[in-house]
Amino acid sequence: MPDRPTLDGLEAKWDAVWASEQTYAFDRTVAREDVYAIDTPPPTVSGSLHVGHVFSYTHTDLMARYNRMAGKSVFYPMGWDDNGLPTERRVQNYYGVRCDPSVPYDPDFTPPAEPAKDQLPISRRNFVDLCHVLTAEDEQVFEKVFRQLGLSVDWNHTYATIDDRSRRAAQRAFLRNLARGEAYAQEAPTLWDVDFRTAVAQAELEDRELPGAYHRLSFSGVEIETTRPELLPACVALVAHPDDERYQPLFGTTVTTPLFGVQVPVLAHALADPAKGSGIAMICTFGDTTDVTWWRELDLPVRSIIGRDGRILPTAPDGVAEAPYAELAGKTVKQAQRRIVELLQASGDLIGEPKPITHPVKFYEKGDRPLEVVTSRQWYIRNGGRDAALRERLLERGAELTWHPSYMKTRYDNWVGGLNGDWLISRQRFFGVPFPLWYRLDASGEPVFDEPLLPTEAQLPIDPASEVPEGFTEDQRGVPGGFAGDPDVMDTWATSSLSPQIAGGWEDDPDLFGRLFPFDLRPQAHEIIRTWLFATVVRAHHEHGQLPWTDAAISGWVLDPDRKKMAKSKGNVVTPTEHLDKHGSDAVRYWSASARPGTDTTFDENQLKVGRRLAMKLLNASKFALAFPEAADGEVTEPLDRALLEALAQVVEEATAAFAAYDPSRALERTETFFWTFCDDYIELVKGRAYAEGPPAESAGRALRIALDTLLRLFAPVLPFATEEVWSWWRSGSVHRASWPTTDGLKTGGDPAVLDVAGEVLAQVRKAKSNAKTSMKTPVTSLVVTDSPERLALVSLAQADLVNAGMVEAITLVEGAPAIEVTLGEAPPK
RNA sequence: GGGCGAUUAGCUCAGUUGGUUAGAGCGCUCGCCUCACACGCGAGAGGUCACUGGUUCGAGUCCAGUAUCGCCCA
């Protein structure tokens, strides 16, 4: 035991020991009922680490440590989410390159030392290689911080969402979805990001308020208002509300589009808002998702004019006049809008000036330009969005899950209930899990989509861009009569929705998987209930016919001191490492553990200081408790000592119940409150007796050690470093492999009120000395306690300790109305 | 516009089935070098529980409404 205990250096010291001792290794020989399996969220490694990571991962670690001590073999893996757009974007910026699939692979490629201003086009394989290089570096940064934080992760069990195991699981699950009809491809209007050149799923949309303008156009005298006049050549109909008397006479007739001279029908549909603009709107293919609905339900033709690069297509759709169209071809949407306004003004079809408005426009959440709607062939997984029966089953799954806190279930119900389409899982990107199939090419070189060429599960993972389907050779790729690989990759959620299967060794290690699945816990944040949590439920429902886990623990946000969500774009992100270094990991964990489950928490450095003080106090109080020689086996005899242990028994019961209910903050609060009473009252009262000799001193020594042993176990999940340090002073092994405390040995039949009452009397003595502004060493010449006989009896049980602690020379107990009279003597010389 | 949550001391937060005088820590003020701890110890001041109604013998707690803040969605 050190003379002056310190917290400094404990993180490095114990992380190394835990690694070499394999303290947190999962024991895969135990049966399922003795396992506690955690579906750890794989952090996006290309993103920056912020204090929110530390916060929520600590919450998970608390449950891992509690369950480990409670006798479970804890499966606590770590995954890295390294595929998808964030990684691609980071590689582009970091190296100044971009992926161009038409560039051939260069085996000797080395990235530029300085990112070039104009991004260097490189092959897909070189690009993916760079993605791997960069994510490997990122993973090390994350692991270092997580280790410093003291996460009891079993680092033997890690995965990355782009590694072979994950790609195999994602492709296998997809092929099974396809075989069962749960996955399908469809040519359909799709929300499209013209910069990323990829389709975007419903879950990744956001609305942004943007300035726009209503342009009033005349269609053969019928005036409509539109914010997108550039889509006029894509107009296929006009639409008004069926009850709108102004337009009822026109229903069934046709009008002619200005400039382009196309005959379009006037139709009725309930989604047309009579109060908006002139009450009649033009339907274009496609300006927004309402156009898609109208187009589908009114069975209209397609006149596409916007390409996947966001520019107007070079040739006009059938029946659209070429002359004015040529003025728009090749322009961006914005340029085309300016030009067509000029043309409409010149022709006199624009009525009045455009009226500026602001309106919500759909964006990809990571995108910079408004989404367009283009028709493309995409892969979908059925999620109940187009199937009421499936939606009901998935709502039932949500009800089977135990939510912590319970009100988070509502978010799931709202999302599932509001779905309006299946889950789009294909992305036109490069760094991701490829769709594992090819298509036969017909005599004209067109793919035959109806009969995809599939690999066997044993061949997975495959890359159809570099591997060849059974019965073909590489020289047949892309030639008529040959084959072509599906060019798309899966959305990152399509892989991460299989995290329990990937981490648990689904099909690769059936014995392991059988001991883990379904998992016990999915910890995650609330804003991805609709994405990650729901998607994982969908996949497990399809593949296994059950929930992927029994419990979901939803953690809150960390808000900045102005109660704003921390976001990189706002520049208010708190980075965790400086606080870990400055205050120590136990202090940061204390702050995290103090937050009620699911509650958004304001970052407050003061709470870190409080946590550090607690950890420091634990070291010093332990040093005191262990300073007395360990007495031979015997009883705890003194009433004050028995009172302490009896009170501690209650704390153990409450803390255990709180952890079992996924509420570590309550367990901490109870333990902490007891601990400060232990330090401030019990230790002060017992000090004099403990330093003496004889049976009463031995009773104190025993009680101190029993209490310390229990407290260390109770604090171990929150303060793994300080507790392990103290444990090492007098115990063997790790406190983190010790058993969670029970009330055995604490229920000695004592009365906790003895400690309460003695503490109250001691407080009055201290108050008298404080008021007299004198030292606590000042003797009390007379202490008169007046109270009921019952309470006086409690005082007398601790009388000797009180006299010792208060420097009391004479104590008198009197029956009567409660009062405490303290008479002070001379302060001792300094 | 809809959903969920929050609103308690200057600050960060507890307050578990409604029940004496609403708690803690930080900060502040005043003291104390007391043999575990000055990275400490003791004491004190500080609140109309957001607002308005209602239920009740009794409401921080339950109900309705309003306001403000946060997140998610439209």
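All values below were derived from every heavy atom in this structure, side-chain atoms included, with hydrogens, water molecules and symmetry-related copies excluded. Quick note on labels: first sequence line is chain A, next is B, and so on, each numbered from 1.
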Taking atom [atom1] in both [N] and [M], what distance in whole Å separates the two?
N     : M     : atom1 : result
B:C26 : B:G70 : P     : 30 Å
B:A22 : B:A50 : P     : 15 Å
B:G47 : B:G15 : C1'   : 14 Å
B:G27 : B:C11 : C1'   : 7 Å
B:G42 : B:C37 : C1'   : 15 Å
B:G19 : B:C49 : P     : 16 Å
B:A67 : B:G25 : P     : 38 Å
B:A43 : B:U20 : P     : 24 Å

Round to a whole Å and report the spacing from [atom1] of [X] to [atom2] of [N].
X      : N     : atom1 : atom2 : answer
A:F628 : B:C35 : CZ    : P     : 13 Å
A:L685 : B:C35 : CG    : C1'   : 17 Å
A:R670 : B:U16 : CZ    : C1'   : 8 Å
A:N620 : B:U34 : CG    : P     : 16 Å
A:L614 : B:C41 : CG    : P     : 11 Å
A:W676 : B:G25 : CH2   : P     : 10 Å
A:D413 : B:C73 : CG    : C1'   : 14 Å

Given [N], is OP1 or OP2 found less than 4.0 Å from the side-chain N or O atoms of [X]?
X      : N     : answer
A:R208 : B:A74 : no
A:R4   : B:C37 : no
A:K617 : B:C41 : yes
A:T599 : B:G5  : no
A:R613 : B:C41 : yes

Which nucleotide in the list [options] gets nearest to the side chain of [X]?
X      : options             : result
A:N606 : B:C30, B:C26, B:G3  : B:C26
A:H526 : B:U16, B:C4, B:C71  : B:C71
A:M616 : B:C39, B:G31, B:U12 : B:C39
A:E527 : B:C13, B:C26, B:C72 : B:C72
A:Q607 : B:U16, B:U12, B:C39 : B:U12
A:S775 : B:C33, B:U12, B:C4  : B:C33
A:T602 : B:C39, B:C4, B:C13  : B:C13

Rounded to the nearest 0.5 Å, what separation is found between the CD1 atom of A:I820 and the NZ atom of A:K767?
10.0 Å
Roughly how far, to the nearest 0.5 Å, is the CD atom of A:Q607 from the CG atom of A:L614?
11.5 Å
What does [X] touch in the nucleic acid at a heavy-atom separation under 4.0 angstrom: a base, only the sugar-phosphate, or nothing?
X      : value
A:I529 : nothing
A:R766 : sugar-phosphate
A:R411 : base
A:A627 : nothing
A:K769 : nothing
A:K623 : sugar-phosphate
A:D680 : sugar-phosphate
A:E672 : nothing
A:R666 : base

Looking at [Y] and [X], is there a salt bridge between them, counting it only when a charged N and a carboxylate O are closer than 4.0 Å?
X      : Y      : result
A:D8   : A:R612 : yes
A:E605 : A:K582 : yes
A:K409 : A:E400 : no

Decide salt bridge (Lys or Arg N to Asp or Glu O under 4.0 Å) for A:E669 and A:R666; before the verdict, give the C-alpha distance in whole Å, the side-chain angles of both, and the deciding distance to 0.1 Å.
CA-CA 5 Å; A:E669 189 261 323; A:R666 177 179 299 275; 5.5 Å; no
Would you please indicate if the ring centroids of A:W591 and A:H579 are separated by under 6.0 Å?
no
How do A:K767 and A:K777 order along RNA chain B: which one's closest nucleotide is nearer the 5' end?
A:K777
Assign each of A:N771 and A:K362 the nucleotide of RNA chain B bearing its closest heavy atom; nearer the 5' end lies the nucleotide of A:N771
Secondary-structure stems, RNA chain B, at least 3 Watson-Crick or G-U base pairs under 3.5 Å:
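Expected stems, ordered by start: B:1-7 with B:67-73, B:10-13 with B:23-26, B:28-32 with B:40-44, B:50-54 with B:62-66.
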Return yes if some donor-acceptor pair links the side-chain N/O of A:T577 with the main-chain N/O of A:T575 below 3.5 Å, else return no.
no
Scan side-chain atoms only and decide if A:D663 and A:S665 contain a donor-acceptor pair under the 3.5 Å cut-off.
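The criterion, which ignores hydrogens and geometry beyond distance, is satisfied for A:S665 and A:D663.
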Is it the case that the side chains of A:D641 and A:S699 hold a donor-acceptor pair, with the cut-off being a distance below 3.5 Å and no angle test?
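Indeed, the side chains of A:S699 and A:D641 share at least one donor-acceptor pair under 3.5 Å.
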